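Bear in mind that the values here come from a model prediction, so they are computed numbers and not experimental data.
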Amino acid sequence: MICYAFAVPHESEDLLAQMQSKESFNIGTMQCTVGFYKERETVVAILGMGMERAARNADLVFDYFSVKAFIMAGYAGALIPQLEHADVVVSDNFCSDTVISFLKLLPDFKFAKFCSTDELVSTPQRRQEFAEATECQVVDMETAGVAEVVHGRGCTFAAIRAISDTYDVTLPVGAMNAAYDAETNQTRPINLGWYLMTHPKESKAFKEFVSRLSPARANLTKFLGVLTDELPRGI
């Protein structure tokens, strides 16, 4: 069985739409869907945002499912200007060695070094600081914690992200926090509406942020489809 793990439901929507014979349920606060993707037995797990929460739920996946390959996927931010919006990037510092050698044969992605933090790295200045401090090119909020759990379980691991936020973007952090409840993994449209009424200058930036998500997700899902088709059955 392959596990495709995402932090938030929006990242998984295209992949879930393509699954067959699927059934969805919750394990604690973790949303799970089991079924078949590209004729491979698959579980999609929504781990939640942040390293601690995602790592805890990743560990729970192994208590309930017999997973041979664990793919952490979703959105990420670029720490360097060379990465463009919707680029698919694969971590060359967290992936299992067997996956690295296999992925080199696939098209339409870039290798990069990932780092993870619970901070929303929201400005070009902070991205530059992270790049210099970590010598990484991509930042997310879950991979490092999840990778530690999966490697500890002796399971094949890959981290694959699509760039939603380029180096030059300043994120509307206030609106983003208002729009989403990390504890429940649910959107809060009413809360967001009230926030934008009192912070109208963030409206344009928030709309631009949302508009970048679906193209990034489409590229990510396309690559995950190729990966699933080509992934050796023994993994």
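- The side-chain heavy atoms of Ile27 and Asp63, taken from C-beta on, include no pair separated by under 4.5 Å.
- To the nearest 0.5 angstrom, Asp140 atom CG is 7.0 Å from Met72 atom CE.
- Side-chain contact between Phe65 and Val34 is present, with heavy atoms from C-beta onward closer than 4.5 Å.
- Side-chain contact between Ile71 and Ile160 is present, with at least one heavy-atom pair separated by less than 4.5 Å.
- Within a 6.0 Å radius of CD in Glu208, more than 12 heavy atoms belonging to other residues, nucleotides or ligands are found.
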Legend entry - Evaluation steps, side-chain contact (heavy atoms from CB on, under 4.5 Å), between Lys68 and Thr156: CA-CA 6 Å; Lys68 291 186 177 180; Thr156 299; over 6 Å; no
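- A heavy-atom distance below 4.5 Å is found between the side chains of Ser214 and His10.
- Residues Phe25 and Val61 share a hydrophobic cluster, clusters being chains of Ile/Leu/Val/Met/Phe/Trp/Tyr side chains in contact below 4.5 Å.
- Relative ring orientation between Phe109 and Phe111 is described as perpendicular, the plane-to-plane angle rising above 60° on a 0-90° scale split at 30° and 60°.
- Between Asp92 and Lys104 there is no salt bridge, since none of the side-chain N atoms of the basic residue sits less than 4.0 Å from a carboxylate O of the acidic one.
- Summarising the geometry of Val99 relative to Ala158, their closest heavy-atom pair is CG1-CB, 3.7 Å, with the distance given to 0.1 Å.
- The side-chain heavy atoms of Asp165 and Tyr75, taken from C-beta on, include no pair separated by under 4.5 Å.
- Note on ring orientation: taking the six-membered ring where Trp is involved, the planes of Phe157 and His151 are perpendicular (angle over 60°, cut-offs 30° and 60°).
- In this structure, the side chain of Ser96 does not engage the main chain of Thr98 through any donor-acceptor pair within 3.5 Å.
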Inset, instruction - Could you go through the side-chain contact (heavy atoms from CB on, under 4.5 Å) check for Val43 and Tyr64 one step at a time? - result: CA-CA 10 Å; Val43 55; Tyr64 284 84; over 6 Å; no
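- In plain terms, the two heavy atoms of Arg188 and Ala178 that are nearest each other are NE-O, 3.3 Å.
- Taking the six-membered ring for Trp, Phe94 and Phe114 have ring centres at least 6.0 Å apart.
- With rounding to the nearest 0.5 angstrom, the OH atom of Tyr37 is 7.5 Å from the CG atom of Asp229.
- Of all heavy-atom pairs between Ile163 and His85, the closest is O-CD2, 3.5 Å.
- Heavy atoms only, all atoms of each residue included: Arg127 and Leu171 are closest at NH2-CG, 3.8 Å.
- The CG atom of Leu16 sits 11.5 Å away from the CD atom of Glu11 when rounded to the nearest 0.5 Å.
- A side-chain donor from one of Gln128 and Tyr167 sits under 3.5 Å from a side-chain acceptor of the other.
- Side-chain N or O atoms of Glu142 include one that pairs as donor or acceptor with a backbone N or O of Gly50 at under 3.5 Å.
- The minimum heavy-atom distance linking Ala58 with Leu47 is given by the pair N-CD2, 3.9 Å.
- Taken together through direct or relayed side-chain contacts under 4.5 Å among Ile, Leu, Val, Met, Phe, Trp and Tyr, Leu106 and Leu220 form part of one hydrophobic cluster.
- Between Lys110 and Glu84, none of the side-chain N atoms (NZ, or NE/NH1/NH2) sits under 4.0 Å from a carboxylate O, so this pair counts as no salt bridge.
- Checked for salt-bridge contact, Asp14 and Lys222 miss the test: no charged N lies under 4.0 Å from a carboxylate O.
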Inset, instruction - Begin with the C-alpha distance, continue with both residues' side-chain angles, and end with the deciding distance and a verdict on salt bridge (charged side-chain N to carboxylate O under 4.0 Å, His left out) for Arg153 and Asp59. - result: CA-CA 8 Å; Arg153 290 279 192 161; Asp59 204 36; 3.0 Å; yes
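- Formation of a donor-acceptor pair under 3.5 Å by the Asp118 side chain with backbone atoms of Met51 is found in this model.
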Inset, instruction - Any chance you could lay out the side-chain contact (heavy atoms from CB on, under 4.5 Å) test for Tyr195 and Asn191, step after step, and finish with the verdict? - result: CA-CA 6 Å; Tyr195 180 86; Asn191 196 56; 5.8 Å; no
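- Salt-bridge check for Arg53 with Glu183: passed, with a basic side-chain N closer than 4.0 Å to an acidic carboxylate O.
- Counting heavy atoms from C-beta on, the side chains of Leu192 and Phe206 come closer than 4.5 Å.
- Separating the CZ atom in Arg161 from the OG atom in Ser164 is a distance of 9.0 Å, to the nearest 0.5 Å.
- In plain terms, the two heavy atoms of Cys155 and Val67 that are nearest each other are SG-O, 3.7 Å.
- Using modelled atom types, one side-chain atom of Ser116 and one backbone atom of Thr143 make a donor-acceptor pair closer than 3.5 Å.
- Taken to the nearest 0.5 Å, the SG atom of Cys32 stands 11.0 Å off from the CD atom of Glu23.
- Of the possible donor and acceptor atoms, none in the side chain of Tyr4 sits under 3.5 Å from a partner among the backbone N and O of Phe70.
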Inset, instruction - Begin from the C-alpha positions of Glu202 and Val173 and carry the test side-chain contact (heavy atoms from CB on, under 4.5 Å) through to its verdict. - result: CA-CA 9 Å; Glu202 286 194 43; Val173 174; over 6 Å; no
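- Atoms CD1 and CG, on Ile2 and Leu227 in that order, are 7.0 Å from each other to the nearest 0.5 Å.
- Using a 4.5 Å heavy-atom cutoff, the side chains of Phe130 and Cys115 are in contact.
- Counting heavy atoms from C-beta outward, Lys207 and Val210 have side chains that stay 4.5 Å or more apart.
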